[in-house]
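Notes follow the structure.
Quick note: numbers below take in every heavy atom, side chains included, and nothing from hydrogens, waters or symmetry partners. Just so we're clear, the structure is a prediction, and the values are computed from it rather than from any experiment.
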Amino acid sequence: MKVRLMTSNIWGDFFHNPVEPRAPLLAEVFKRWKPDILGLQEVGRSWWKSKLIPELGKTYAQVPVEHPEKLNCTPLFFREEQFELLDFGRYLFHEPLDYSKGWNYGVFKSRADGKTLAVFNTHFWWKSELRDEVIRRYNAMETVAAMKRIGGKFSCPVFLMGDLNCKCDSMTWEYLRGQGWQTSFFCTDDYSPYSSNHHDPVVHADGTCTGCTTDEPKENSIDHIAIPAGVKVICQYAVIDREALDSSDHSPVYADVEF
């Protein structure tokens, strides 16, 4: 089975960066690159009220959550004509500390060949001191425990994707590699050479934004798709279309995988 996974931090409106001018840009990016399973981060209340969500609804079903009254900042979407949703769940790492950090997962069965995979979409803790890296490692430990439980229950490969807020040489990635996952650009010869995160787009008076590419290498990426052992990565790509650069400080990242 071949699947295109995509993760995208869509830049929450915390920085006087309104969402409405950016919603059609992101919708166009997702329409163009056609992920089969899509995970978003920083989806605040303004994003849920924006035109992006109904546009996604034309193509994707949303993985449900147990407590919909709680703001879901890491939603997960999938093509319902391709997959049957077998299981799902949501977890917040520390809701009083940061209600936006946690994960959503879905277990998907291919309608074409019956193969199953699980995908966790996450956003790890974000600050940059050493103690914050320790928090991210704990985020990873909690997530891996859940991933192993789901993988064992359904006997399927489990993928982790999202804004991990850490580079591949971090102690968090050291832990993830030790548990059997590797970031996608190390799993293929066909990868983007540049970092997924770039400079904040400039916000203009009318609310539109202008972004730019980065010269930072791929190793400085903080947006990752973590690949379990035994899965082939065909390609990995950080999208730098004009619409993507103008809509967020993070490029959407996709990986085409086969198993």
- Ignoring hydrogens and angles, tell me if any N or O in the side chain of Thr188 forms a donor-acceptor pair with the backbone of Asp190 under 3.5 Å. yes
- Show the numbers, then the answer: is there a salt bridge (Lys or Arg N to Asp or Glu O under 4.0 Å) between Lys70 and Glu95? CA-CA 10 Å; Lys70 295 183 178 181; Glu95 188 175 359; 3.3 Å; yes
- Message: Could you check whether any side-chain N or O of Thr214 sits under 3.5 Å from a backbone N or O of His198, counting only pairs where one atom can act as donor and the other as acceptor?
- Response: no
- Run the ring-centre check on Tyr191 versus Phe185 and record whether the distance is less than 6.0 Å. no
- Task: Starting at CG of Asn9, measure out to CG of Asn197 and round the result to the nearest 0.5 Å.
- Result: 9.5 Å
- Going through the distances and angles, do Thr7 and Gln41 end up as a side chain to side chain donor-acceptor pair (under 3.5 Å)? CA-CA 8 Å; Thr7 176; Gln41 302 88 45; 3.0 Å; yes
- Message: Any heavy-atom pair between the side chains of Phe30 and Ser8 that's under 4.5 Å?
- Response: yes
- Message: Can you confirm whether Lys218 is buried at NZ, in the sense that more than 12 heavy atoms of other residues, nucleotides or ligands lie under 6.0 Å from that atom?
- Response: yes
- Task: For the residue pair Thr208 and Asp206, confirm or rule out a side-chain donor-acceptor distance under 3.5 Å.
- Result: yes
- Query: Could you state the interatomic distance from OG (Ser192) to CD1 (Ile240), rounded to the nearest 0.5 Å?
  - Reply: 7.5 Å
- Message: Testing the 3.5 Å rule here: is there a donor-acceptor pair between the side chains of His250 and Ser196?
- Response: no
- Task: Please check if the side chain of Trp103 supplies one atom and the backbone of Met161 the other of a donor-acceptor pair under 3.5 Å.
- Result: no
- Message: For Arg242, is the CZ atom crowded, meaning more than 12 foreign heavy atoms sit under 6.0 Å from it?
- Response: yes
- Message: Tell me whether the count of non-hydrogen atoms from other residues, nucleotides or ligands lying under 6.0 Å of NE2 in His204 goes above 12.
- Response: yes
- Item | Check: Arg79 side chain, Pro35 main-chain N or O, donor-acceptor pair, under 3.5 Å | yes
- Does the side chain of Gln62 reach to within under 4.5 Å of the side chain of Ile53, using non-hydrogen atoms? no
- Message: Could you check whether Lys31 pairs with Glu55 (Lys NZ or Arg NE/NH1/NH2 to Asp/Glu carboxylate O, under 4.0 Å)?
- Response: no
- State whether the side chain of Trp33 and the backbone N or O of Val253 hold a donor-acceptor pair below 3.5 Å, judged by distance alone. no
- Say you draw a straight line from CD of Glu129 to NZ of Lys127; how long is it, rounded to the nearest 0.5 Å? 9.0 Å
- Item | Short side-chain to backbone donor-acceptor contact, Ser50 and Leu52, under 3.5 Å | yes
- Message: With a 3.5 Å distance limit and no angle check, can you tell me whether Gln236 reaches the backbone of Tyr254 through a side-chain donor-acceptor pair?
- Response: no
- Message: Is it true that Ser100 and Glu42 share a donor-acceptor pair across their side chains at a distance under 3.5 Å?
- Response: no
- Query: So, Asn104 side chain and Thr74 main chain: donor-acceptor pair closer than 3.5 Å or not?
  - Reply: yes
- Hydrophobic cluster mates of Val202, side-chain heavy atoms under 4.5 angstrom, ILVMFWY only, any path? none
- Message: Does Lys2 form a salt bridge (Lys or Arg N to Asp or Glu O under 4.0 Å) with Asp256? I'd like the steps, not just the answer.
- Response: CA-CA 7 Å; Lys2 294 181 180 179; Asp256 290 346; over 6 Å; no
- Task: Applying side chain to side chain contact (heavy atoms under 4.5 Å, CB included), run through Thr59 and Phe77 and close with a yes or a no.
- Result: CA-CA 9 Å; Thr59 304; Phe77 300 87; over 6 Å; no
- Item | Within one Ile-Leu-Val-Met-Phe-Trp-Tyr cluster: Ile37 and Tyr60, side-chain cutoff 4.5 Å | no
- Looking at side-chain heavy atoms only, is the closest gap between Ile234 and Glu258 below 4.5 Å? yes
- Of all the heavy-atom pairs spanning Lys115 and Asp113, show the shortest one and how long it is. N-OD1, 3.0 Å
- Task: Report the C-alpha distance between Val107 and Val158 in whole Å, list the side-chain angles of each, state the deciding distance to 0.1 Å, and finish with yes or no for side chain to side chain contact (heavy atoms under 4.5 Å, CB included).
- Result: CA-CA 9 Å; Val107 180; Val158 183; over 6 Å; no
- Message: Quick check: closest heavy atoms across Pro228 and Ala226, and the distance to 0.1 Å?
- Response: CD-O, 3.9 Å
- Test item: side-chain donor near acceptor, Thr210 and Asp246, under 3.5 Å: no
- Do the non-hydrogen side-chain atoms of Phe120 and Thr143 ever get within less than 4.5 Å of each other? yes
- Task: Answer whether the closest heavy-atom distance between the side chains of Asp13 and Pro18 falls below 4.5 Å.
- Result: no
- Item | Cluster check Phe83, Val119: I/L/V/M/F/W/Y, side chain < 4.5 angstrom | yes
- Query: Can you tell which of Trp47, Tyr99, Trp48 makes a side chain to side chain contact (heavy atoms under 4.5 Å, CB included) with Cys73?
  - Reply: Tyr99
- Message: Through direct or indirect side-chain contacts below 4.5 angstrom among Ile, Leu, Val, Met, Phe, Trp and Tyr, which residues connect to Ile135?
- Response: Leu97, Trp125, Trp126
- Item | Verify same cluster id: Trp181, Ile150 (apolar side-chain graph, 4.5 Å) | yes
- Task: Using a strict cut-off of less than 4.0 Å between a Lys/Arg side-chain nitrogen and an Asp/Glu carboxylate oxygen, indicate whether Arg22 and Glu243 qualify as a salt bridge.
- Result: no
- Task: Give a yes-or-no answer on whether the side chains of Asp223 and Ser221 include a donor-acceptor pair shorter than 3.5 Å.
- Result: no
- Query: Do Ile225 and Thr183 touch side chain to side chain, with heavy atoms closer than 4.5 Å?
  - Reply: no
- Task: Answer yes if Phe186 and Val231 sit in the same cluster of Ile, Leu, Val, Met, Phe, Trp and Tyr residues linked by side chain heavy atoms under 4.5 Å apart, and no otherwise.
- Result: no
- Charged N to carboxylate O below 4.0 Å: is that the case for Arg136 and Glu133? yes
- Task: Give a yes or no on whether Ile222 and Leu5 share a hydrophobic cluster (residues Ile, Leu, Val, Met, Phe, Trp, Tyr; joining criterion: side-chain heavy atoms under 4.5 Å apart).
- Result: no
- Query: Less than 4.0 Å between a side-chain N and a carboxylate O, is that true for Glu174 and Arg177?
  - Reply: no
- Message: Between Met171 and Leu130, is there a side-chain heavy-atom distance shorter than 4.5 Å?
- Response: yes
- Does any N or O in the side chain of Arg111 come within less than 3.5 Å of the main-chain N or O of Glu80, such that one atom is a donor and the other an acceptor? yes
- Using only heavy-atom distances, determine whether the side chains of His123 and Asp163 contain a donor-acceptor pair under 3.5 Å. yes
- Using modelled atom types only, decide if a donor and an acceptor are shared between the side chain of Asn165 and the backbone of Phe124 within a distance under 3.5 Å. yes
- Item | side chain to side chain contact (heavy atoms under 4.5 Å, CB included) between Asn139 and Lys101, intermediate numbers included | CA-CA 9 Å; Asn139 292 166; Lys101 301 300 186 290; 5.6 Å; no
- Contact summary for Leu26 and Ser247, nearest pair of heavy atoms: CD2-OG, 3.4 Å
- Item | Check: Phe108 ring centre within less than 6.0 Å of Phe78 ring centre | yes
- Message: Once rounded to the nearest 0.5 Å, what's the spacing between atom SG of Cys168 and atom CD of Glu219?
- Response: 5.5 Å
- To the nearest 0.5 Å, atom CG of Asn220 lies from atom SG of Cys166 at 12.0 Å
- Query: Is it true that Arg4 and Asp36 have a side-chain N and a carboxylate O under 4.0 angstrom from each other?
  - Reply: no
- When rounded to the nearest 0.5 Å, the distance separating OG of Ser248 from CD1 of Ile10 is 8.0 Å
- Query: Below 4.5 Å, heavy atoms only, C-beta onward: do Pro201 and Trp11 meet side chain to side chain?
  - Reply: yes
- Answer with yes or no after comparing the ring centroid distance for Tyr105 and Tyr91 against a 6.0 Å cut-off, counting only values under it. no
